Amino acid sequence: MAGSNDNQRVIAVVGAGLAGLRTLEALRRQGWQERVVVVGEETHMPYTRPPLSKKLLIDGGTHADVALRMRPSEHETQWRLGRGVVASDLANRMLRLDDGTTLRYDGLVAASGVRPRRLPDSVGGPRQVIRTVDDALAVSARLTPGTRVVVIGAGFIGCEVAAAATVRGCAVAVVAVDAVPMQTPLGRLLGTELRRRHAAAGVEFHLGTGVARVDGERVRLADGSVLRADVVVEAIGSVPRTEWLAGNDLDLTDGVRCDGWLRMGGRRGVVAVGDVARFPNPLFGDDARRVEHWQVAADSAAHAATTLVHDLEGVAPAPGPFTTVPTFWSDQGVVRIRAFGLPRLGDRCAVLEGDLTGEAAIGYHSNDALVGVVLLGMARQSSTYLRHLTEELAKAKPGSEAQ
C-alpha cells in the first residue's frame, strides 16, 4: 500500500459490499491512482450475498466461504469497516460518520445498498432476517431436523430460505399477503407452479394473509389462524439505505434517482451503484428503476467508475448512458431459476418452450415487446435466450448522447 499523502485527492465509497468493491476495482482500471476510502458498516471485508439464503443456510460455514477475492493494488485504499455514514453535505463534499469523525472527498460513490424491510415492532417476538453473513450463520445453526420454521414472505429470499430449511429436515410454513409465491417479479402463472413444487417438497403455504403477532412460539396470522414456530424468518423485501443522503436536494423516493450516467441527481462527481441506485435504462424505456441483482451491481459499478473518473479528470472520451440486460438466478431446491431482463414489466407471459411442470422457458411481454425470459432448469439454453432477449431489447429507443 502506498504511504498516505495529505495532498492526494480522495474518492469516498460508502458501502463495502460487492458494488463498493467492484467500483474500487473499476476506478483503478480507469487509472485513478490517488486515495480511495471505503466505509462499511459491517466489520467483514466484502463478500457475496446470494449464497447466504442458499448454500450457507444448508451447509453452514464462515465469512471465508463467501469472501470476494481482493485484487492487489499499489495505490492507497483505506478500509473503514464497522463504521456507518450518518450524514452528507454534497455541496461541501463532506461525510459525517457514526463515530463523530468527518471525511472530506473529491468524488463520492453511494454503494450503501439496502436493509431488510421489517414488520412493525408491535408484531413482537423474535424475528430473524437474512442480510449479512452473520445473520445467515445464526439461522443456519438453528435449522436442525424437526425444527418448526415460519418464513414471513414468499419472494425469492423467502422461498430460498424455505427450500434450505426443508433440505435440513425442518417443518416449514410460508406466510405471505400475495396470492402466489414470487407474484410481483414473476407473475401468477409461474408463481402457481412454484407453489406446487414447494408444496410437494413439504412446504406449507398460508397465502393471502399477513402476520398479526409473534408471541413466544406462536405466530398469529391476520386470518385468525395460529402457527407454531421455533424459528421465524422475516423476508418481506428491502428498503434502500439513503438516510445519509437526506438534505441534499436529491430524489430519494425509492433509492437515489440518478441520470443515465449514474450521477446522483445529475451532479458531476457523485455517483450511485448497485441496489441503492435508481436509474433509467434505455433498453426498457425512460422510467428510472432500481434493480436488486448481483450482476447489475457489478455492471453499474464499472460504468459509474468511468463516469466519476471522467468527471474528476475531465479526460475524453466521456462514457455513454448506462444500459444493461439484468440477469439473476435463484436456487430453490425444487428448481433452479434463471431470469433475464425485467419480467416484472410484462403484462402477459406464456411458455416459449418446454413444459411448465418440468423444464420450461417463459417469455414476458409488454405491449407485444419481449422484456424478460425466465428459465426453469434448461441451463443449456441460457445463452440462447439471453442473446435472443438482448436482440429484441436492442430495438428499444437509444439513450441520449453522452454529456
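Nothing here was measured: the structure is a model prediction, and the numbers come from that model.
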Just wondering, are more than 12 heavy atoms of other shown residues or ligands nearer than 6.0 Å to [atom1] in [X]?
| X | atom1 | answer |
| --- | --- | --- |
| Arg228 | CZ | yes |
| Arg348 | CZ | yes |
| Asp249 | CG | no |
| Asp99 | CG | yes |

What is the minimum heavy-atom distance between [X] and [Y], and which atoms define it?
| X | Y | value |
| --- | --- | --- |
| Leu376 | Ile337 | CD2-CG1, 4.0 Å |
| Ile152 | Ile236 | O-CG2, 3.5 Å |
| Cys170 | Thr147 | CB-O, 3.2 Å |
| Pro185 | Pro343 | O-CB, 3.7 Å |
| Leu375 | Ala361 | CD2-CB, 3.4 Å |
| Asp259 | Gly266 | OD2-CA, 3.5 Å |

Please report the interatomic distance [atom1]([X]) to [atom2]([Y]), rounded to the nearest 0.5 Å.
| X | Y | atom1 | atom2 | result |
| --- | --- | --- | --- | --- |
| Asp299 | Arg22 | CG | CZ | 11.0 Å |
| Leu108 | Leu308 | CG | CG | 8.5 Å |
| Leu250 | Cys258 | CG | SG | 8.5 Å |
| Ile130 | Glu160 | CD1 | CD | 9.5 Å |
| Leu194 | His198 | CG | NE2 | 6.0 Å |
| Glu392 | Tyr385 | CD | OH | 12.5 Å |

Does the side chain of [Y] come within less than 4.5 Å of [X]'s, by heavy atoms?
| X | Y | value |
| --- | --- | --- |
| Ser300 | Leu262 | yes |
| Gln332 | Met182 | yes |
| Thr357 | Glu193 | yes |
| Val214 | Leu119 | no |
| His310 | Gln30 | no |
| His44 | Leu81 | no |
| Arg344 | Tyr364 | no |
| Asn281 | Arg289 | no |

Could you tell me whether [X] and [Y] have a side-chain N and a carboxylate O separated by less than 4.0 Å?
| X | Y | value |
| --- | --- | --- |
| Arg9 | Glu313 | yes |
| Lys55 | Asp65 | no |
| Arg115 | Glu243 | yes |
| Arg142 | Asp230 | no |

Indicate yes or no for a side-chain donor-acceptor contact from [X] to the backbone of [Y] under 3.5 Å, with no hydrogens or angles considered.
| X | Y | value |
| --- | --- | --- |
| Asp178 | Val180 | no |
| Arg336 | Asp331 | no |
| Tyr105 | Val13 | no |
| His75 | Val36 | no |
| Asp347 | Asn367 | yes |
| Thr324 | Val296 | no |
| Thr209 | Asp223 | yes |
| Thr132 | Asp135 | yes |
| Arg213 | Ser122 | yes |
| Gln295 | Thr327 | yes |

Quick one: do Arg83 and Asp98 satisfy side chain to side chain contact (heavy atoms under 4.5 Å, CB included)? Show the steps, please. CA-CA 6 Å; Arg83 292 271 67 90; Asp98 56 9; 2.7 Å; yes
Under the criterion side chain to side chain contact (heavy atoms under 4.5 Å, CB included), I'd like the reasoning laid out for Leu24 against Trp79: C-alpha separation, chi angles, the key distance, then a yes or no. CA-CA 11 Å; Leu24 165 62; Trp79 294 87; 3.7 Å; yes
Go through it in stages, so that I can follow the logic: the residues are Leu245 and Val276, the test is side chain to side chain contact (heavy atoms under 4.5 Å, CB included), and I'd like the CA-CA distance, side-chain angles, deciding distance and then a yes or no. CA-CA 11 Å; Leu245 289 167; Val276 77; 5.6 Å; no
Evaluate side chain to side chain contact (heavy atoms under 4.5 Å, CB included) for Leu221 paired with Val211, printing each intermediate quantity in order. CA-CA 4 Å; Leu221 306 188; Val211 171; 4.1 Å; yes
Quick check on the 6.0 Å ring-centre criterion: do Phe279 and Phe322 meet it? yes
Are [X] and [Y] close enough that a side-chain donor and a side-chain acceptor fall under 3.5 Å?
| X | Y | answer |
| --- | --- | --- |
| Thr253 | Asp251 | yes |
| Ser140 | Arg168 | yes |
| Tyr47 | Arg49 | yes |
| Ser88 | Asn248 | yes |
| Thr77 | Arg28 | yes |

Going by side-chain hydrogen bond (donor to acceptor under 3.5 Å, both in side chains), Ser238 matches just one of Glu292, Arg290, Arg131. Which one? Glu292
